[in-house]
Each structure stands twice: as structure tokens, then as C-alpha cells.
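Written out below as C-alpha cells is the structure these notes cover.
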Amino acid sequence: MEQIIFYILAAVAVIGTVLAISEKHPVHAILYLVTSLFAVAVVFYLLMAPLVAVFEVILYAGAIMVLFLFVIMMLDLGHPEKGFSPHWREWLPALLLSLVSIASLVMVIVSRHSQLAVPAAQSIPIREVSRRLFQGHGVAVELISLQLLFALVGALYLGKQQASSPGLPPSSAPERVSGSEEKSP
Amino acid sequence: MDMITIPAVNMTPIMPEIFLSVLAMALLLINVFVPSGQKSYIGYISFIGVIAAAVLVGTGWGMHVESFNGAVVQDNFASFFKMIFLLAAGLAILISDQYMVREECNHGELYPLILFTVVGMMLMAAGTDLMTIFLGLEVMSVSLYVLAGFNRENRKSNEAGLKYFLLGAFSTGFLLYGMALTYGATGSTRIADIATFAAQQSLPSSNVMLLAGMLLMITGFAFKVAAAPFHMWTPDVYEGAPTPMTAFMSAGPKAAGFAAALRILLVSFSTMQADWSQLFWVLAVLTMTVGNITALRQDNIKRMLAYSSIAHAGYCLVGFTAGNPTGTAGIMFYMLSYTFMNIGAFAIIVLVGKKGEPNGNVMDFAGFGFKHPALAVAMSIFLFSLAGMPPTAGFIGKFYLFSGAIQKGYIWLAVIGVLNSAASVYYYLRVMVYMYMKEPTEEFDWLQVSAPIALSLLISVTGTLVLGVVPSIVLQYAQEAIKLI
């Protein structure tokens, strides 16, 4: 049964990702990506790696995607004025995909914790994960932290504006105004 | 309750990396207190740091130490490449100062970012775990994206940074997918374990997952070293990036890509050499031809050198195709000579560029030979070396690469390589025709040679000539290094 659930979830993840890149509306694309990441998280749970599953949901589906949504809202790419009552065709696929993921998750949890099921394999505890991480891959952990530091330095450097420079180039500002005027009536 | 004990690790293999990381972070802090007109001092400190790191690498020559559960290793192969990276970084730091001051972009973040790029490259060469190699590549790439867009007030530089970032991220995806498939097929990310697994298979190339993993990894590295047909980003990025960073980018990261690819292919996939040799044959011919043919028609000298750098990657891929000690030692020797001659040529371009228009054309060199004979002679030496003429380093490098191919029976590949090399003479000599045979249209009165650039030119000219006349002093180290990989 686990194999069948795995293939269903893999299909959900692939369909979610394909829809994420084919969708024109950026907010919709991100929500499809969230469904895809959620399916992957359930796959991790299925593979006896609950910690990674939790990370996947909290970090990717949670934090990073919310950050994307914030950026889209700040840049006003989503045209939220059009999105008050989306057509059912727009939300139904995402809903179905997430329902499949949730149903699989429920089935896995129920089958793992019912008395009838024989525990097939031990899931990996957090202690074991951290032991692997810091004993086996110490240099990788240090490298990642250094890389994040310097990515931050680079982003800060490139994003900082010189005191003398007059902010955004004026050419981009009127474009956006005319674009939103077109859409607003 | 049992505690997690942090294992005792041997830090010696990554001493140079630790030293450079700490120095880079310290310089970031010092940068805050240095007034904006005096950022050159940070450059001088970094240059001294690069020399100190080179000494650290040099003292480790001949040792073979594995550390971090086999994630990094210190061997001669890694040390040789580390020296190339440090040389590229040192020369780039020397030519950066004058350029950045002239373009009013002299920010202190430049030098720590260069040092950190070197840390990434070093770990690519020293990594014996796919994870270390990948992280090294990412450390290198992320710093390079910023360095390409370092002149943040300049549209061209912004474009270069963004293009490099997007295509670099795309290529990273290929590489990572390949590594994931290899891990899935073999159950390990350690290069030695992958080799053990492949050796146990009667026909490793029939394992589709392993083969796909290898092919995707080669694709990822081909992007990084700008091999055709994955070279599209190169001209725009090389043209837009600040010239000293272009010089650095064309030498260091390319060598790092070759180092990691060499280690993975020669150790992990040595049993599949018949498969990847054929692939590299096609890649080498394509890369050499595309690079040289396109370079023929470039007027912008940075774009011309960008296409020429694609062609030079193609010559190195000839060494990959051969895959024998002559060819692979040839790659190492060639990357060292390329570092000397290419950064030297870019140093001259830095000098000839004017404030606000640093991306010169070939025509700007008209009459340069009459106004500045010494600099023109240096430029001629670099161009001769790039074209592969004796008695320069470029000739010896190509000689070893092509003779490696001939030893393996790839006669046609060597013939195509030599023909390509002959075609490349046209566009290198074109610059010299402008320098010596055209009337000067400019007085070149803005041109000043600062002491750091003079030093870098001195090092480059010496390196190009010495490697061309007595190649054995370096080649024996390269051969020694490749033997023990």
C-alpha cells in the first residue's frame, strides 16, 4: 500500500509543479508550488523521516512561500482587485491536489498507529539526524553557514543605494502607473 | 543520556580555507571602520593574505591527508589547483584597485568576496564528497554573481550579474539533479564509494540511473566552464562585469570546474571512461569551433576574449577526451598558463579603458604600440601565448593537450584542435595589427600604470615566458599530482 501512496503523492508533486510553472497568475503559481511541496513532505513522512517532513512544511511550504507571497504583494504583481471571487476552475485543481495529499497523510498516520499494523521500520529520530549532520557532514554545515553569510553580504551590497544616486530610475515608474490604470476600471 | 560527541577532526587539509574565510570575515568588519577613500588598504591586506594562504598550501605539498570522514582531502591534485586559484585571485586583486577607483566603485566588500570565492573553489578542488563539491561550487557561484554585478551603478554590470545568477542557478539544478541520481544509484555521495560501486558492476553504463547522473553532472560542469552548447551566458557576463572580475572569472572558476569534474570523472567514473570520452569528443569540437568562429567577428575586446575563453575551455576538453596522464596533466598546466596570460591581457584592457567607458573596442588599441611600447610588448606576449605560439606557455599547454589526444588515438580531434588554434591567430593578431600598424587616434594621456598593476603585469609576463621556456618546472608537479588522485 505504501508504494501506491508514494506514486499517488509523486504524481501530485509533479502535477503541482507543472501547474506552478504553467500558471500565469503568480499567486496561483505559488499556491500550486505549496501543494507540490506539501506532497513531498508527506513522501518524507512515508519514508520514515518525520523531521525532514516537518522542515519541508515549516521552511519551504511555510516560510519561503509566504515570503514569496509578500514580495508579490509588495510589487503589486498579483492584481488583488481582480481576485475577490475566483472562478471554481481556478481553485479546484489546487484543492483536489491538496486533498489527495492530506488523505494520503491521514491514511499513513492511521495505518502506522493502528494496533493491527506491524511496525515495519523505525522512523529516524531527531538525535540520529543531528548526529549524522554534525559528525558526518561537519564541513558541509560550516560551509552552508558561511555561504549564507556571504550571500547576505552580497545582497546587502547590491541592494544598498548610494547616497548620491536618485533612487529608482524614472523610466520604470510611469510604466507601472499606466499599467494599473488600464486594469483598474 | 548519551551526549552527542563532536568528533576530533584533522583540520590541516582545510587550513588555507579556514585562514581565508576568517580573513574575509575580519576584513568585512575592518571595512566598516575604513573611510571610503582608503579601501585600497583592504586590497593590500587581502593580497598579503593570498600570499600567506599560498604558503600554507605550499607547506602541505606531498602530504595525503583525508579529513571530515572523507569529505575533504589534501593531496597534490588539490594543492596544485589551489595554487592556480590563489594566483588568479592575487592577480585580480592587484588589477582591481586602479579600476575600481577610476570607476568610482571602490567598495571594501570586493576583496572579502574575492577571498570567499577562492574558499569555494578550493573546496571544489579538495572535496572528495559530492556534497562538499556542490557546496564549494555554490559558495563560489554566489560570490561571483555579486562580483559580476559589482559596479552597481552601471546597467551593463547589473545585467551581467542578473544573467549570471539566473543561468548559474539553472545550471546548478542540472548538477544537483545529477548528484542526486548518482546518490540514488550508488547509495553514497563519497567519490571513492561511487567508484567502488561502479567497479562492482559488470557493465556500469547499463545502469541508467548512474549514467543519467553522470551525464547531468557533466552538463552542470559544462555550464560552469562555459563549454558549448552551454556557453550562451559567457559573452554578456564577461562584457558587463567589471574588467578585473572578468579576468578572475575567466581563470579561477573555470579551473575549479575542471578540477571538480576531473576528480569526479577520473575517480568515480573511471570504469565508464569509454562513455564519457565520446561525449567529451563532441563537446570539445563544438566548444573550440563555436568559440573561435564567433570570436573572429567581435569588435569589443572583452567579448572577443570571452569567446576566446570558450575556445580555451574547448582545448582543455581535448585533455578530458584523452583522459590519460599526459592529457589531464596538460589540463592542469594549461589552466595555470591561461591564468597568467588571460589575466595579463585583461590587465592591459583595464589600463586602456577610460573612466566611464571601460569596455574597450579593438579599434581603441590603434597606435598603442607607438605610445606605450612596453605595455604593447606585454600585450603582444599575452596574445601570442593565447594564440599558442612558441616560446610561450600557451604553446606548451596546447602541445601537451593535443599530444595526450594523439597518444589515445584521437588523431582527428588533435587535427581539429590545431586548425582551430590556427583560426584563432587571426583575431589575436588583429589586436596587434591595430597596436603596431595603425596611426594612433588617441594620445593615451589618461593612461597611468599604478604599482599594483605593474606588479601583476610583471608576474604575468614572467609566468607566461618561464612556463613557455622551461615548462618542466611546473609540469612535473602536475604529473606528480595527477598520478596520486
Side-chain angles (χ1 to χ4, degrees), chain A residues 6 10 13-14 17-18 20-21 33 36 40 43-44 47 49 51-52 56 60 64 68 124-172, chain B residues 1-7 9 11 13-14 17-18 21-22 24-25 28 31 67-72 104-105 107-110 112-113 115-117 119-120 123 126-127 129 131-132 134-147 149-150 152-153 155 157-158 161-162 165 189-190:
Chain A
F6 170 78
V14 171
T17 319
V18 168
I21 54 176
L33 203 53
S36 167
V40 174
V43 171
F44 277 125
L47 292 172
L51 188 71
V52 187
E56 183 86 15
Y60 287 91
I64 294 179
F68 278 9
I124 302 161
I126 299 176
R127 173 179 296 275
E128 192 53 39
V129 174
S130 45
R131 196 192 295 274
R132 288 269 179 85
L133 205 57
F134 289 102
Q135 291 188 335
H137 302 290
V139 75
V141 173
E142 289 302 319
L143 253 181
I144 291 172
S145 51
L146 273 177
Q147 193 210 344
L148 288 177
L149 171 72
F150 272 80
L152 195 69
V153 170
L156 196 65
Y157 170 76
L158 288 181
K160 201 164 69 181
Q161 280 178 3
Q162 230 151 37
S164 58
S165 75
L168 274 176
S171 61
S172 72
Chain B
M1 185 182 149
D2 65 326
M3 300 290 288
I4 291 179
T5 50
I6 300 293
V9 286
M11 293 285 185
I14 56 165
E17 287 91 333
I18 295 176
S21 314
V22 172
M25 285 186 275
L28 272 181
N31 178 35
S67 186
F68 292 100
N69 282 339
V72 280
E104 289 171 0
C105 179
H107 301 289
E109 286 92 345
L110 178 78
L113 280 167
L115 295 183
F116 202 57
T117 314
V119 172
L123 281 159
D129 187 316
M131 235 187 289
T132 318
F134 174 73
L135 286 170
L137 183 121
E138 274 302 278
V139 164
M140 173 190 91
S141 305
V142 167
S143 314
L144 277 179
Y145 304 147
V146 182
L147 289 177
F150 197 80
R152 60 190 173 194
E153 308 296 324
R155 286 280 176 106
S157 182
N158 294 351
L162 191 65
F165 173 62
T189 53
R190 301 270 191 263

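Numbers restart at 1 for each chain; the letters A, B, ... are given by sequence-line order, proteins then strands.
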>> Less than 4.5 Å to any heavy atom of chain B: does that hold for the side chain of A/V139, its backbone, both, or neither?
In response: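 Contact with chain B involves both backbone and side-chain atoms of A/V139.
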>> Run the side chain to side chain contact (heavy atoms under 4.5 Å, CB included) test against B/V72 and tell me which residues pass, sequence neighbours left out.
In response: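 For B/V72 the side chain to side chain contact (heavy atoms under 4.5 Å, CB included) partners, ignoring immediate neighbours, are B/I14, B/S67, B/F68, B/L123, B/T132.
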>> Check whether B/R152 reaches the backbone of A/Y157 with its side chain - one donor and one acceptor, N or O, closer than 3.5 Å.
In response: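 Side chain of B/R152 to backbone of A/Y157: a pair is present.
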Under 4.5 Å from any heavy atom of chain A, what part of [X] do you find: side chain, backbone, both or neither?
| X | answer |
| --- | --- |
| B/F150 | both |
| B/V142 | side chain |
| B/E109 | side chain |

Contacts table for residues 142-150 of chain A: side-chain donor-acceptor under 3.5 angstrom, sequence neighbours left out:
| from | atom 1 | to | atom 2 | distance (Å) |
| --- | --- | --- | --- | --- |
| A/S145 | OG | A/V141 | O | 3.3 |
| A/S145 | OG | A/E142 | O | 2.6 |

